[in-house]
Amino acid sequence: KAIAEADAAADLSFAYPHVCVVNGFLFATFQQIEAGDVAASRVMFTSVNSDGQVLSTWREPFPAPYMQNATDDPILSGAALAYDTTYDQLYLLAPGVLITANRGDGTQEFSELVTACSWRETPTSCKATLTLDFSAGFTYTPDLLRVGNDLLIQHGMVSSTDDPPEAEYGTTLLLNISRIVSRVEPGKTTLTVEADGPWEQLARFRAPQAWTAPAAQTRGDIFQRVAGRAGLVVTLASGDRAPSDAWTTDTPEFAIAAGESAAQTLRRLLEPTDDFLRLSASGGFEICGIATGDAYAGEDIGFSFPVQDGYSHILSFERYDERRPNWHRAVGPDRYADTFLHELGNIVAAEPWTSDPVLAITRDLSADDDSKATAAAERGFHRRFAVQPRAQLVTPLQSAIELYDVIFVGIEAALPDETTPWDYLSGPYRVIGRGVDFRRGPATGAPVYNSVLELGFAAVPD
């Protein structure tokens with residue numbers, strides 16, 4: 001696997017590599033020498049992203065802190081790496097310099113201190129906020145609870161012992177702390193911890209130089225490289241949610257501009273496909289496919305929300321109809337193709353036509369003939385349709401539901417007989433957003449432990 005690379009005309013060279021294994025992860029340093037108009041020589045530091053994949057993609061190398069020897073001369077020839085098993089830490093070692101980076105399994109449990117927790121996951125974001133009450137004098141380790149460290153949130157039963165654990169009957173979120181607010185007031189000390197997910201990590205990463213994908217690389221290979229450079233691991237869903245052929249076989253013409261955010265890069269890769277992202281329990285992405293015509297059958301509906309024995313699993317349900325794109329255009333290098341709502345016959349009854357055109361456009365450099373342009377236009381429309389919000393369901397905690405699951409909502413059972421016109425709200429829906437609202441009671445108000453599900457239509461038009 002390439003750790004660092006440069007164009008032959010870039011006057012850039014690499015030397016003095018050092019490699020160390022820490023808990024299955026590979027770490028490396030090397031010297032980067034720039035002989036261009038602005039000459040420079042610096043020590044670079046990087047690592048792989050997964051201990052389960054020793055030869056997985058490497059993170060984008062970044063300059064190590066400035067180091068010098070006993071005579072105050074800068075150290076330019078790399079830095080030795082060592083691993084201390086006693087303290088479970090990685091060390092950068094050089095004459096007169098000792099820099100530590102904790103890469104161990106240090107964790108601290110805060111469940112009993114959480115007075116409120118709220119998080120939301122969508123196909124393009126994930127954010128969480130926790131409030132911790134330290135009024136009882138609980139002591140925590142500042143080195144663990146700080147910006148940049150991971151935050152593990154679990155709901156429901158987690159029965160495996162993997163690290164991080166896989167949620168077999170529950171939800172596991174591995175997020176990264178982005179902000180901590182300490183608040184002190186008479187008789188009360190709290191911390192508000194904000195964390196976000198892989199999409200937000202991608203938005204923070206900027207490509208340090210331009211890059212053009214080799215001709216033989218598939219769309220998935222390019223995605224793996226970009227995500228890996230930003231520090232993320234990508235896995236593929238299986239079964240009904242396996243990625244599309246466009247993901248595994250397309251070899252698009254693709255280039256990245258210097259300074260482009262990884263989030264923008266990966267959106268461009270996803271746009272012409274039927275593939276979507278959701279969180280994996282390991283903290284990275286899982287690639288999921290929602291095929292054209294992906295409808296629902298009885299065996300595909302994993303969860304149902306009717307009224308049973310006088311008890312309703314529906315705390316609230318909202319259905320909303322609003323103006324949406326009814327015209328999609330795919331633009332290739334020298335041609336374009338259109339798809340219109342009225343051409344998608346299986347949804348016309350559910351999606352009434354409006355007189356105003358609402359245009360959405362996809363740019364696809366691989367659409368270099370008519371058939372590819374037409375397919376890109378259709379996929380672009382399907383993609384927007386699949387994740388358009390149509391309803392919101394609030395229900396007691398449902399910890400096993402994942403993004404893109406199909407559920408059934410039975411509204412008619414919850415209504416008096418005289419309100420039968422509302423029956424049209426019942427039916428199958430696809431989960432396109434999920435979250436949890438938790439609040440302890442009674443000191444902070446009535447207790448809450450609910451799931452909030454954003455829903456779209458279960459069937460994707462064909």
Side-chain angles (χ1 to χ4, degrees), residues 25 47 49-52 59 102-132 140-156 158 160 162-167 170-182 190-205 227-228 230-235 261-263 266 276-288 397-404 431-439 449-454:
F25 286 83
S47 69
N49 294 302
S50 170
D51 59 348
R59 297 192 69 153
N102 191 315
R103 300 294 180 186
D105 295 326
T107 61
Q108 190 162 4
E109 174 71 33
F110 293 110
S111 295
E112 294 183 2
L113 306 179
V114 178
T115 59
C117 171
S118 180
W119 59 266
R120 296 289 186 272
E121 178 193 3
T122 76
T124 58
S125 68
C126 186
K127 292 189 177 184
T129 301
L130 284 87
T131 301
L132 307 177
Y140 72 95
T141 305
D143 284 345
L144 294 179
L145 189 58
R146 65 179 181 182
V147 173
N149 282 6
D150 287 338
L151 177 67
L152 184 67
I153 300 175
Q154 293 175 317
H155 305 286
V158 180
S160 70
D162 297 337
D163 187 16
E166 296 291 336
T171 297
T172 292
L173 302 179
L174 184 60
L175 308 178
N176 196 262
I177 298 174
S178 58
R179 187 170 184 257
I180 297 177
V181 178
S182 304
T190 61
L191 286 181
T192 300
V193 180
E194 298 176 11
D196 52 36
W199 271 114
E200 289 72 23
Q201 183 171 335
L202 290 175
R204 289 190 291 268
F205 177 83
L232 294 170
V233 177
V234 179
T235 57
S261 79
L266 298 186
F276 300 84
L277 299 177
R278 66 184 179 191
L279 295 180
S280 67
S282 61
F285 283 129
E286 186 177 47
I287 309 296
C288 304
L397 180 69
Q398 305 291 329
S399 58
I401 292 179
E402 295 184 286
L403 236 58
Y404 315 125
V431 177
I432 58 172
R434 62 172 185 156
V436 166
D437 288 332
F438 168 80
R439 183 177 68 246
Y449 204 1
N450 295 334
S451 288
V452 181
L453 305 176
E454 293 291 332

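Rounded to the nearest 0.5 angstrom, Gln201 CD and Leu232 CG are separated by 4.0 Å. Taken to the nearest 0.5 Å, the CG atom of Leu173 stands 4.5 Å off from the CH2 atom of Trp119. Between atom CD1 of residue Ile153 and atom SG of residue Cys126 there is a gap of 8.0 Å, rounded to the nearest 0.5 Å. In this structure, CG on Leu130 lies 12.0 Å from OG1 on Thr190, to the nearest 0.5 angstrom. Distance check, rounded to the nearest 0.5 Å: OH of Tyr404 to CG of Leu277 gives 6.5 Å.
Annotation: ring pair (Phe, Tyr, Trp, His ring centres under 6.0 Å) contacts of Phe205 (sequence neighbours excluded): none. For the side chain to side chain donor-acceptor pair (under 3.5 Å) test, no residue two or more places apart in sequence or in another chain qualifies with Ser451. Under the side chain to side chain donor-acceptor pair (under 3.5 Å) criterion, Asn450 pairs with no residue at all, not counting sequence neighbours. For the salt bridge (Lys or Arg N to Asp or Glu O under 4.0 Å) test, no residue two or more places apart in sequence or in another chain qualifies with Arg59. Evaluation of the salt bridge (Lys or Arg N to Asp or Glu O under 4.0 Å) rule for Glu454 yields no partner, not counting sequence neighbours. Residues forming a side chain to side chain donor-acceptor pair (under 3.5 Å) with Ser118 (at least two apart in sequence, or on another chain): Asp437. The side chain to side chain contact (heavy atoms under 4.5 Å, CB included) search around Ala195 returns Leu151, Leu175, not counting sequence neighbours. Here Glu200 pairs with nothing under the side chain to side chain donor-acceptor pair (under 3.5 Å) rule; sequence neighbours left out. Residues satisfying the side chain to side chain contact (heavy atoms under 4.5 Å, CB included) criterion with Ala116, sequence neighbours excluded, are Thr131. Scanning for side chain to side chain contact (heavy atoms under 4.5 Å, CB included) contacts around Val181 gives Arg179, Thr192, with sequence neighbours left out.
The closest donor-acceptor contact from the side chain of Arg278 to the backbone of Cys288 lies at 3.5 Å or more, if one exists at all. A distance-only check finds no donor-acceptor pair linking the side chain of Thr129 to the backbone of Glu194 [under 3.5 Å]. A donor-acceptor pair is defined here as one N or O able to donate and one able to accept, closer than 3.5 Å; no such pair exists between the side chain of Ser261 and the backbone of Ala203. One N or O on the side chain of Glu121 and one on the backbone of Leu279 form a donor-acceptor pair closer than 3.5 Å. Here the side chain of Trp199 pairs a donor or acceptor atom with the backbone of Pro123 at under 3.5 angstrom.
Residues Leu145 and Leu132 meet the side-chain proximity criterion, which asks for heavy atoms closer than 4.5 Å. Looking at heavy atoms from C-beta onward, Arg434 lies in side-chain contact with Leu403 at the 4.5 angstrom threshold.
Smallest separation of non-hydrogen atoms from Leu191 and Ser182: CD2-OG, 3.0 Å. Contact record, Ser280 with Thr235: CB-OG1, 4.2 Å, taken as the closest heavy-atom pair. Closest of all the heavy-atom pairs between Ala230 and Leu202 is CB-CD2, 3.7 Å. Pro198 and Gly284 get closest at one heavy-atom pair: CG-O, 4.0 Å. Val436 and Arg120 get closest at one heavy-atom pair: O-NH1, 3.5 Å. When all heavy atoms of Arg204 and Asp196 are compared, the closest pair comes out as NH1-OD2, 3.1 Å.
Note: Tyr449 and Phe438 have perpendicular aromatic rings, judged against thresholds of 30 and 60 degrees for the angle between ring planes.
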